[in-house]
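Residues: numbered from 1 along the sequence shown.
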Amino acid sequence: MHHFQYRHGRLYGEDVPVETIVQDVGTPVYIYSRATLTHHFQVFDGAFSHIPHLTCYSVKANSNVAILALLGSLGGGVDIVSGGELFRARRAGIPPAKIVYSGVGKTREEIDYALSEDILMFNIESRQELEAISQRAQALGCTARIALRVNPDVDPKSHPYITTGMEKNKFGIRVDEAIESYRHATRLPHIKVVGIDCHIGSQLTEIQPFVDALKRLRILMERLHALGIPIHYLDLGGGLGITYADEAPPHPVEYAEAILKEMNGLSCTLIFEPGRVIVGNAGILVTRVLYTKSTPTKHFVIVDAGMNDLIRPSLYGAYHHIQPVVPPEREQETVDVVGPICESGDFLARERTLPRLVPRDLLAVMSAGAYGFSMASNYNSRPRPAEILVDGKTYHVIRRRETWDDLVRLENIPLM
């Protein structure tokens, strides 16, 4: 669900007309709903309320510090994949004891930063990374709590770019290598084994892949216990999908019921890393029509948001529902909604039926809260959009629109 609805023929974000926001801050602009973010987090987190668990929001989905602070105030932790995300999390007030560090390419500087902050644990992706973290913890005179990311070779049946739990993916340690890797970890100085980690992919719309992965992790956990290696945390990752078009992903309560059934008899704290399911439908991208044009085979609507603002359609062929902010009483036509970037791959939608649009009309690209702004770039030297958080009848600018000066702020022309 979300709090973007039509009232009196106009699109509202909670109790604020989208037009009002656009009049103040311009386009393109990302708009998020505090009520939706809160509801989604509480529904997901509440599904596991009667067992020990920690819901660590996946920062990569949307890393704005205002959103991190909001989810932190609701009791959430975070899953991070870089030193920059750790910096954002700490700036947002997330306690180190609720921070889990994932990712395949942690640098020495990032490892040292995380060790100095005393985060809950590192999710280890390889033997070499394990060795590197042990060395840095020894050099700094501290202990690194770790979980090994186990690759269960489960097909999540999602886009190949966002599958992460199969043998062909770059992530994690194979199940059949995990026992020896854990034994090795227990012998390393300044390393404390505390958990098992697994993440099989993103935008999953079926429960069974999660269950299949958990069955394999349960066997591993029991074998480790028999070897005297206790597991305190079982990190099941994220990946629960949302509805972009006609998908019917499981409700968090259904997901929780299936997980808890498989967990029967195991004693540990569960960690979850939801991202898209929290923030995806909590945000929209609003763009203005610049021009329209037609060829013998196509009708184009050219808008001021491009693939640099929202890359998912170009990168993944992803579908985002698009609707007018103020629906006009005009005939329908089939159009490609395209941006200003000098690439034929710059589109937000292809072959989409919309009311006939004219310059200055506003369009809302729905379900844009996850992997929207966080994947935005300055390609074609385009400033990135503003970000707005709506809260009932008010709204806040949580990231100002970049300026042309911002584009070159870090650049320098050397003396010739």
Verdict with supporting geometry, N64 and Y30, side-chain hydrogen bond (donor to acceptor under 3.5 Å, both in side chains): CA-CA 11 Å; N64 190 288; Y30 278 96; over 6 Å; no
Y255 vs F210, ring-ring contact (aromatic ring centres under 6.0 Å, His included): CA-CA, chis, key distance, verdict: CA-CA 9 Å; Y255 169 69; F210 292 112; 4.9 Å; yes
Trace of the ring-ring contact (aromatic ring centres under 6.0 Å, His included) decision for F272 with F48: CA-CA 10 Å; F272 300 97; F48 298 94; 4.1 Å; yes
From CA spacing to verdict: side-chain contact (heavy atoms from CB on, under 4.5 Å), I302, V289: CA-CA 6 Å; I302 303 164; V289 176; over 6 Å; no
Chi angles and distances behind the side-chain contact (heavy atoms from CB on, under 4.5 Å) call for L70, F41: CA-CA 10 Å; L70 169 60; F41 180 86; over 6 Å; no
Worked check of side-chain contact (heavy atoms from CB on, under 4.5 Å) between V338 and V303: CA-CA 6 Å; V338 301; V303 298; over 6 Å; no
side-chain contact (heavy atoms from CB on, under 4.5 Å) between R312 and Y319, intermediate numbers included: CA-CA 8 Å; R312 294 189 73 255; Y319 176 94; over 6 Å; no
S377 and N308: CA distance, side-chain angles, deciding distance, side-chain hydrogen bond (donor to acceptor under 3.5 Å, both in side chains) verdict: CA-CA 5 Å; S377 74; N308 73 296; 5.2 Å; no
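When only modelled atom types and interatomic distance are considered, Y57 and E273 share no side-chain donor-acceptor pair under 3.5 Å. Side-chain atoms of T36 and H3 include a donor-acceptor pair closer than 3.5 Å. In the model, R276 has a side-chain atom that pairs as donor or acceptor with a side-chain atom of Y244 under 3.5 Å. With no hydrogens or angles considered, no side-chain donor-acceptor pair links N62 and Y371 at under 3.5 Å. Between the side chains of S367 and N281, at least one donor N or O sits under 3.5 Å from an acceptor N or O. For E351 and H299, the side-chain atoms include no donor-acceptor pair closer than 3.5 Å. Using modelled atom types, one finds a donor on one side chain and an acceptor on the other under 3.5 Å when comparing H321 with Q323. Between E343 and N380, the side chains place no donor N or O within less than 3.5 Å of an acceptor N or O (distance only, hydrogens not considered). H199 and R149 form no side-chain donor-acceptor contact under 3.5 Å, judged by distance and modelled atom types alone. A side-chain donor from one of S33 and E14 sits under 3.5 Å from a side-chain acceptor of the other.
A donor-acceptor pair is defined here as one N or O able to donate and one able to accept, closer than 3.5 Å; no such pair exists between the side chain of R10 and the backbone of P17. Looking only at distances, a side-chain donor or acceptor of S181 sits under 3.5 Å from a matching main-chain atom of E177. Listed for the R174 side chain is no donor-acceptor partner under 3.5 Å among the backbone atoms of V150. Of the possible polar contacts, one joining the T186 side chain to the R183 backbone as a donor-acceptor pair under 3.5 Å is found. No donor-acceptor pair under 3.5 Å is formed between the side chain of H184 and the backbone N or O of Y182. For the pair T243 (side chain) and A248 (backbone), a donor-acceptor distance under 3.5 Å is absent. Looking only at distances, no side-chain donor or acceptor of E117 sits under 3.5 Å from a matching main-chain atom of Y113. Although no hydrogens or angles enter the test, the distance criterion places a donor-acceptor pair under 3.5 Å between the side chain of R401 and the main chain of G26. In terms of modelled atom types and a separation under 3.5 Å, the side chain of E254 and the main chain of H251 share a donor-acceptor contact. The backbone N or O of D112 lies less than 3.5 Å from no partner atom in the side chain of R108, so there is not a single donor-acceptor pair.
Test R356, R288, R330 against D361 for salt bridge (Lys or Arg N to Asp or Glu O under 4.0 Å) and you get one pass: R330.
In this structure, T269 and H232 have side chains that are not in contact, with every pair of non-hydrogen atoms separated by 4.5 Å or more. The closest side-chain heavy-atom distance from Q203 to T205 is below 4.5 Å. In this structure the side chain of D406 reaches within 4.5 angstrom of the side chain of R400, judged on heavy atoms.
With a 6.0 Å radius and a threshold of 12 heavy atoms from other residues, nucleotides or ligands, H396 has its NE2 atom above the threshold. The local environment of OH in Y291 is sparse, with at most 12 non-hydrogen atoms from other residues, nucleotides or ligands closer than 6.0 Å.
Atom CD1 of I179 and atom CG of L224 lie 4.0 Å apart (nearest 0.5 Å). With values rounded to the nearest 0.5 angstrom, L236 atom CG is found 12.0 Å from H53 atom NE2. Taking OG of S374 as the reference point, atom CD1 of I67 lies at 9.5 Å (rounded to 0.5 Å). In this structure, H190 NE2 and I146 CD1 are separated by 15.0 Å, a value rounded to the nearest 0.5 Å. The structure places CE of M307 at 10.5 Å from CE of M375, a figure rounded to the nearest 0.5 Å. Within the model, atoms CG of L220 and CD1 of I229 stand 9.5 Å from one another, a figure rounded to the nearest 0.5 Å.
F4 and H2 have tilted rings, their planes meeting at an angle from 30° to 60° on a 0 to 90° scale.
Note that R350 lies in the cation-pi zone of F347, set by a 6.0 Å cut-off to the ring centre and a 45° limit from the axis.
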Could you go through residues 98-107 and list every donor-acceptor pair under 3.5 Å that involves a side-chain atom there, pairing it with any protein atom two or more places apart or in another chain?
residue: K98; atom: NZ; partner: G75; partner atom: O; Å: 3.2
residue: Y101; atom: OH; partner: E110; partner atom: OE1; Å: 3.4
residue: S102; atom: OG; partner: D79; partner atom: OD1; Å: 2.7
residue: S102; atom: OG; partner: N123; partner atom: ND2; Å: 3.0
residue: K106; atom: NZ; partner: G103; partner atom: O; Å: 2.8
residue: K106; atom: NZ; partner: N123; partner atom: O; Å: 2.9
residue: K106; atom: NZ; partner: E129; partner atom: OE2; Å: 2.7
residue: T107; atom: OG1; partner: E110; partner atom: N; Å: 3.2
residue: T107; atom: OG1; partner: E110; partner atom: OE1; Å: 3.3

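Ion pairing between a basic and an acidic side chain is recognised when a charged N comes within 4.0 Å of a carboxylate O; K215 and D212 show no such pairing.
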